[in-house]
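What follows is a short report on a single structure.
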Amino acid sequence: MATTDHPPSRLRAWMLEGLSDMGKGVQQAPHAAPEPPHQGQRWWRVMCLTGVDYFSTLGYQPGIAALAAGLLSPVATLVLVLVTLAGALPVYRRVAEESPHGQGSIAMLERLLSFWQGKLFVLTLLGFAATDFLITITLSAADASTHLVENPHLTSALHDHQLLITLILLALLGAVFLKGFLEAIGVAVVLVGVYLALNVVVVITGLWHVATAGHLVTDWTGALTTQHGNVFAMVGVALLVFPKLALGLSGFETGVAVMPHVQGDPGDTEERPAGRIRDTKKLLTTAALIMSCFLIATSLITTLLIPEHEFQPGGKANGRALAYLAHDYLGNAFGTVYDVSTIAILWFAGASAMAGLLNLMPRYLPRYGMAPHWAGAVRPMVLVFTLIGFLVTWIFDADVDKQGGAYATGVLVLISSAAIAVTIAARKAGQRHWTIAFAVISAVFLYTTVANVIERPDGVKIGACFIVGIIVVSLLSRLARAFELRVTSVTMDPMAERFVRDIASRRIRFIANKPGRRDKAEYHDKIEQIRADNEIPGTEDFVFVEVTVTDPSEFEADLKVRGEVLHDRYRVLSLESSSVPNALAALLLEVRRTTGRIPHIYFEWTEGNPYRNFLRFFLFGQGEVAPVTREVLREAEPDRAKRPRVHTG
């Protein structure tokens, strides 16, 4: 860390620029106030922010479906649409109700779980969320490079350079964020509008060719009957291959995350922004219906109009089925315009995912004390994510099909966690029918997730790497920040303020007491012991301070101080906190601030092994109380003359 004698270099200052701004961004977290209701955009405009992620999957989804299901692609896609409309959509409409400020399903589960098991569970979900966002970046860049390389005007010059082009696109994305990226809803509206309009042209053209060439449908149905025998066999196979098509479910978590941008009603309140919730449900439903129509139509025309071998790796339709039809049926000029539009929306999908990563990690990790200091700045995180993107692209050789499994795993884990969260929420609300319905949906998504992981384990491997990395870095960071003063504010009740005012007229002496029976003998014996250990005259006065540990896994929180008189004689300040030393240090500094006097606090030495005691402090908020309190004070107040005094006997 830099000192006053050695000012930070220009590079370091530039890298950490905006650290405080990111801190403000963190205040958009679940516990913070959202934007006022009058700010924001109409829901259909905000839908386009979701659309750059959701709708851009049309660039590769039809080709992936054809590879996975072959001639059954339209039937398997119909299953996907049913799961979308009857499963994912109801789940996320409920998520929108439960987290109207854009926190999403992870925050719902965070509220339902506590202590270390809850934190570790959230960190695990963050690992899969990072997988989802990062693979969105790398897969979108890979598919954009595919559209570039396979363009008839460029294929001869760019052939065999797809990996290099993908890395350049990732580097360009990172460079833009290093300079400063402002997510513009207006840009998303234009990109989505143009892209969907071009797709409408391709779909109508494709359906016209299917309708005018009647043999295509009869040949397809005949081949299906020959391969699978009957409708029930077809549906059974479609259900089996459904996990491979799960990419078509992406975008719902993003749809909830953009809720703060939705313009609510004038009468919306902080606690219940009814207008924002209503319009977000419109957003989610409209996006799902639009995507469902496109998925069914595109799977049909690509299956019937594109030769099967063209979907295979190296084929002209691999990763760009609709672009293949655009060039083949509407000419290279229109096809090139379609390629440019697809590349633009895929690149913007990567930018949206990068913005999601930069907002997601600071939203949770700093509140857990599980992020290095530099993780609050944009530029270092951009470099980290860009380098990881390079590594993932190199491992998968910029192949869209190979990354599909990893992407699907991230998407499915998040949707499964959302389904479980709304099931628990419905059960707590006493809604029996919704509880049963959401439980069935959860079972469907859990099956799909497990099936996808078994068949394509790449996603869970990448997710596991992220999870291990996040947990290791988080625990090391929390260990390094163990002695930070992490109480955000101190509030005293009238009785506590009265105690402080009274004792401030003489030397302020506190006794740290671990509450036991709280009988008269306990306080009498404690005072006598402190007097004897520190040779304090009997005329001196004391106030007891007792801390009850709540959730030791919480890193920072407000501190409330309650005063009470026990046995008509002993004044006691009662505190609740996640850490005893931090609570005591915060109280001493607050007393010094309000009285202008230096307080003294008296401890007993903690018995037992110091290493074991420190581990108890780190995990459970208690243990080596006296030396840790002194160390927290030393870091919070560098001036020794102004620092509250700690006495141990």
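Being a predicted model, the structure only gives us computed values, none of them experimental.
Every residue two or more places apart in sequence or in another chain that forms a salt bridge (charged side-chain N to carboxylate O under 4.0 Å, His left out) with E590 is listed here: R593. Remark: K560 pairs with no residue by the salt bridge (charged side-chain N to carboxylate O under 4.0 Å, His left out) rule, at least two apart or across chains. Residues forming a salt bridge (charged side-chain N to carboxylate O under 4.0 Å, His left out) with R93 (at least two apart in sequence, or on another chain): none. Listed by chain and residue number, F252 satisfy the ring pair (Phe, Tyr, Trp, His ring centres under 6.0 Å) test with Y92 (two or more places apart in sequence, or in another chain).
Within the 4.5 Å cutoff, side-chain heavy atoms of Q403 are placed close to those of V392. Annotation: side chain of L245 is not in contact with side chain of I64 (no heavy-atom distance under 4.5 Å). Counting only heavy atoms from C-beta outward, the side chains of T57 and M291 approach each other to under 4.5 Å. Between L485 and N582, the closest side-chain pair of non-hydrogen atoms falls below 4.5 Å. Side-chain contact between V337 and L198: present, with at least one pair of heavy atoms (C-beta onward) separated by less than 4.5 Å. I388 has its side chain out of reach of T138: every pair of non-hydrogen atoms, C-beta onward, lies at least 4.5 Å apart. With contacts defined as side-chain heavy-atom distances shorter than 4.5 Å, the pair D339/R320 qualifies. In this structure, T386 and M354 have side chains that are in contact, with non-hydrogen atoms separated by less than 4.5 Å.
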Item checked: From CA spacing to verdict: side chain to side chain contact (heavy atoms under 4.5 Å, CB included), I290, M47 -> CA-CA 11 Å; I290 291 173; M47 183 185 71; 4.2 Å; yes

Next item on the list: Starting from the C-alpha separation in whole Å, work towards a yes-or-no answer on side chain to side chain contact (heavy atoms under 4.5 Å, CB included) for R94 and Q431.
Entry: CA-CA 12 Å; R94 182 60 180 259; Q431 299 169 331; 2.8 Å; yes

Next item on the list: Begin from the C-alpha positions of Q41 and V189 and carry the test side chain to side chain contact (heavy atoms under 4.5 Å, CB included) through to its verdict.
Entry: CA-CA 11 Å; Q41 302 278 341; V189 171; over 6 Å; no

Item checked: side chain to side chain contact (heavy atoms under 4.5 Å, CB included) between I441 and T423, worked out -> CA-CA 9 Å; I441 294 171; T423 303; over 6 Å; no

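Exactly one residue among L284, T280, T286 makes a side-chain contact (heavy atoms from CB on, under 4.5 Å) with W43. That residue is T286.
Of all heavy-atom pairs spanning T136 and A349, the tightest one is CG2-O, 4.0 Å. Scanning both residues, A297 and V203, for their nearest heavy atoms gives CB-CG1, 3.6 Å. Residues Q263 and R42 approach most closely at OE1-CD, 3.6 Å, considering heavy atoms. Between V490 and V561 the shortest heavy-atom distance is CG1-CG2, 4.0 Å. Summarising the geometry of G51 relative to V192, their closest heavy-atom pair is C-CG2, 4.0 Å, with the distance given to 0.1 Å. Residues D265 and G275 share a closest heavy-atom pair of OD2-CA, 3.3 Å.
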Enumerate donor-acceptor pairs with a distance under 3.5 Å from any side-chain N or O in residues 412-420 to protein atoms, sequence neighbours excluded.
residue : atom : partner : partner atom : Å
S416    : OG   : L412    : O            : 2.8
S416    : OG   : F445    : O            : 3.3
S416    : OG   : T449    : OG1          : 3.0
S417    : OG   : V413    : O            : 3.4
S417    : OG   : L414    : O            : 2.7

Tell me which donor-acceptor pairs under 3.5 Å the side chains of residues 124-131 have, and how far apart each pair is, sequence neighbours excluded?
residue : atom : partner : partner atom : Å
T124    : OG1  : L120    : O            : 2.9
T131    : OG1  : G127    : O            : 2.9

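Residue F348 holds its CZ atom at 10.5 Å from CG of L173, rounded to the nearest 0.5 Å. Between the CG atom in L300 and the CG atom in L295 there is a gap of 12.5 Å [rounded to 0.5 Å]. Between the CG atom in L289 and the CZ atom in F294 there is a gap of 12.5 Å [rounded to 0.5 Å]. One finds the CG atom of L58 at 10.5 Å from the OG1 atom of T302 (value rounded to the nearest 0.5 Å). In this structure, T409 OG1 and N452 CG are separated by 4.0 Å, a value rounded to the nearest 0.5 Å. Between the CZ atom of F242 and the OH atom of Y447 there is a distance of 9.0 Å, given to the nearest 0.5 Å.
No donor-acceptor pair under 3.5 Å is formed between the side chain of T285 and the backbone N or O of K282. Side chain of S56 to main chain of L346: no donor-acceptor pair is present (N/O by atom type, distance under 3.5 Å, no hydrogens or angles). When atom types are taken as modelled, the side chain of S99 and the backbone of A96 share no donor-acceptor pair closer than 3.5 angstrom. Distance alone, capped at 3.5 Å, is enough to place a donor-acceptor pair between the T146 side chain and the A142 backbone. Looking only at distances, a side-chain donor or acceptor of N199 sits under 3.5 Å from a matching main-chain atom of Y195.
Within 6.0 Å of the CZ atom in R278, the count of heavy atoms belonging to other residues, nucleotides or ligands exceeds 12.
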